[in-house]
Amino acid sequence: MSDQEEQMSGQPHDRGGAEHPGLVEATNSAIVAVSASGRITAWNPWARHLLGYTSEEALGRPVERFLHRVTEGDLPPRPDCRILRVLRTGVPDHADGDSFTHRDGHPVMLAWSSAPVYADEPGAEERGGGAVAGAVIVLQDAAERLRIEREQHDRMEQARRANSRLALVAEITTVLSSTLDENEVLRRLVRLSVPALGDWAEVDLLIPDGRIERVAATHRELSPADIARLEGPLPPLPRPPRGPLARVLHGGTTMVISGDAARTYSDEPLTAAQHELFQTMEAHSVIITPLAARGETYGALTMGYSRPGHGYGPDDRLVVEDIARRTGLVLSNARLYTTQRNTAEAMQRSLLTPLPQPDDLQLQARYLPAAQASWVGGDWYDAFPLAGGATGLVIGDIMGHDLRAASRMAQVRNMLRALAWDLAAPPSTVLERLDAVMDAVSDAELATAVFARVEKTAAGSWHLRWCNAGHPPPLLITYDGATTFLEEHGMLLGNPGLTGGRPDGICGLPALSTLLLYTDGLIETRGTDLTDSLTGLRRHSAHLARLPVADLCDQLLKRMELSGEDDVALLVLRVPA
């Protein structure tokens, strides 16, 4: 029967049909057989179950009416029907999930495979198959499998996002904890937050004197110049607060708002400034969360999306709040250390009294606090007249770098002054007595120091007696640039049971020579050999030997390339001509 006759009769011709109809009927997959012309020759019950059509409705009719995917209500041209490509090419095909239309109109997701059926021709088997006489199409319900796969994918994506955010939080915590500079902390915070958590971010900080300042901002598209114009002072915090930023800064909780939310309270100057920022950022969705720790609010972190379709859900809020809490702790620690540093530095400077200038001796001193707040506290210098007309010189360093070290330094300094005042004994004896007193009345454990007496002889020359308790050696620089380290060296202070004592040193001080006493912050730099640093100190001092004493101090501090990791005390004596 020809295709034309088949179409006119409405009855299928079983070319390419199933050879085992019982098996076709029993399987739980939809089996559809088609002829070379694409008309259905077999349609099992499971095909009816999946697509809703009975075999009477399907048999003898074009397969694309039942299996061809519908796009926007139209049937694409038959040559474009992928499921019929097997009739033209003889090549099997398959798809894991395509959408077909059920008889009642709802979509069904089916996986399918197609295989050609060849006509029985003499020698076809030897030729690898004859003409394509039809095809068998197997369909299975893919909806449940695809739903499970989609759920698994969603779970994996959620886990990936959760891990990614945990990694981001860990990275932000590590980066923020590496500095105690408030402004640097907040600049790093906004840089790390974009684009991971938004298209833009900014921080408004409550300054201790009551001002509010936008100290850091960034946007994924705006230039640094545009961002710089957004930063700076903001209007004061209104009371009572009404706008979103004002409420958060006033101790409120996290707020997730739209980009237009600030417009309602634009009569409030602070909120008007925030609304202006939202317009510049083209804010669509915004989250504002407090930077707070230990019951105090230090500022607010604001970030947002400029693109529609992006927003902040419950999980996003938790991440942003976690980051804000960690930032609040860093700010709290930074302010705590700054307070401690200022207190220690103030105490230290209050003890560094003006220097005497006896008998034409020139004395200059410098003190530089450590760059890190927690490293201030233990270095000191001192110079004072002694009974009998000599001048006492002290340079010292209490172990530790904090407010406690500054307090211990004050104790040791005052005890040394009292012991040295009227004790006409070698400097080593003074330090030996200081050891005993420290053990009895001070909580200072270990310290280094040099105590020296500068005396004028009856002939008008000058000489130096000194004792070194574990401190870097003083440097003597002559007017012509020759340099000598005064190497006599003894045990650290804090050893009351020391046996054998500490050696005393004595040397003459030539006219116009310079004596340099210093703490280890001048010469000790991480990664640099101490011998090289001492050599550098000697070389620079030789070049500066003829400068006025004040200039020598300033130039030496510049040339030594200080790391700022430790505080530095410097005491310089110039002998008259």
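This one's a predicted model, so the numbers in the text were calculated from it and none came from an experiment. Numbers for residues simply follow the sequence, beginning at 1.
With sequence neighbours excluded, the residues forming a side chain to side chain contact (heavy atoms under 4.5 Å, CB included) with Ser428 are Pro426, Cys467, Asp504, listed by chain and number. Remark: Arg433 engages Leu419, Leu423 in a side chain to side chain contact (heavy atoms under 4.5 Å, CB included) (not counting sequence neighbours). In this structure, the side chain to side chain contact (heavy atoms under 4.5 Å, CB included) partners of Asp199, at least two apart in sequence or on a different chain, are Arg220, Tyr305, Ser306, Arg307. Every residue meeting the side chain to side chain contact (heavy atoms under 4.5 Å, CB included) condition with Pro576, not counting sequence neighbours, appears here in chain and number order: Asp360, Leu361, Trp462.
A heavy-atom distance below 4.5 Å is found between the side chains of Leu515 and Leu486. Residues Leu573 and Leu509 form a side-chain contact, since some pair of their non-hydrogen atoms from C-beta on lies under 4.5 Å apart. In this structure, the side chains of Phe485 and Leu534 come closer than 4.5 Å at one or more pairs of heavy atoms. A 4.5 Å side-chain heavy-atom check between Met281 and Leu230 finds at least one atom pair inside the cut-off. Contact of the Val320 side chain with the Met303 side chain is registered, since non-hydrogen atoms from C-beta on lie closer than 4.5 Å.
Checked by atom type, the side-chain pair Thr289/Glu321 shows no donor-acceptor distance below 3.5 Å. In this model, no donor atom of one side chain and acceptor atom of the other lie less than 3.5 Å apart for Ser513 and Tyr479. Under 3.5 Å, the side chains of Arg502 and His489 contain no donor-acceptor pair of N or O atoms. Inspection of the Asn183 and Arg188 side chains reveals no N or O donor paired with an N or O acceptor under 3.5 Å. Using a 3.5 Å distance cut-off with no hydrogens or angles, the side chains of Asp532 and Thr535 do not pair a donor with an acceptor. Side chains of Thr218 and Arg191: no donor on one and acceptor on the other come within 3.5 Å.
The list of salt bridge (charged side-chain N to carboxylate O under 4.0 Å, His left out) pairs with a residue in residues 548-558, not counting sequence neighbours, reads Arg366-Asp554. Note on residues 326-340: pairs passing salt bridge (charged side-chain N to carboxylate O under 4.0 Å, His left out), not counting sequence neighbours, are Glu182-Arg335, Asp322-Arg326.
Under a 3.5 Å cut-off, the side chain of Asp397 and the backbone N or O of Met399 do not form any donor-acceptor pair.
Salt bridge Glu213/Arg211: present, at least one basic N to carboxylate O contact under 4.0 Å. Salt-bridge annotation for Arg465 and Glu488: absent, with no side-chain N of the basic residue lying under 4.0 Å from a carboxylate O of the acidic one. Note on Arg453 versus Glu455: salt bridge recorded, some NZ/NE/NH1/NH2 to OD/OE distance being below 4.0 Å. Glu202 has a carboxylate O that lies under 4.0 Å from a charged side-chain N of Arg214, or vice versa, which qualifies the two as a salt bridge.
From Ile212, atom CD1 reaches atom CG of Leu237 across 4.5 Å, with rounding to the nearest 0.5 Å.
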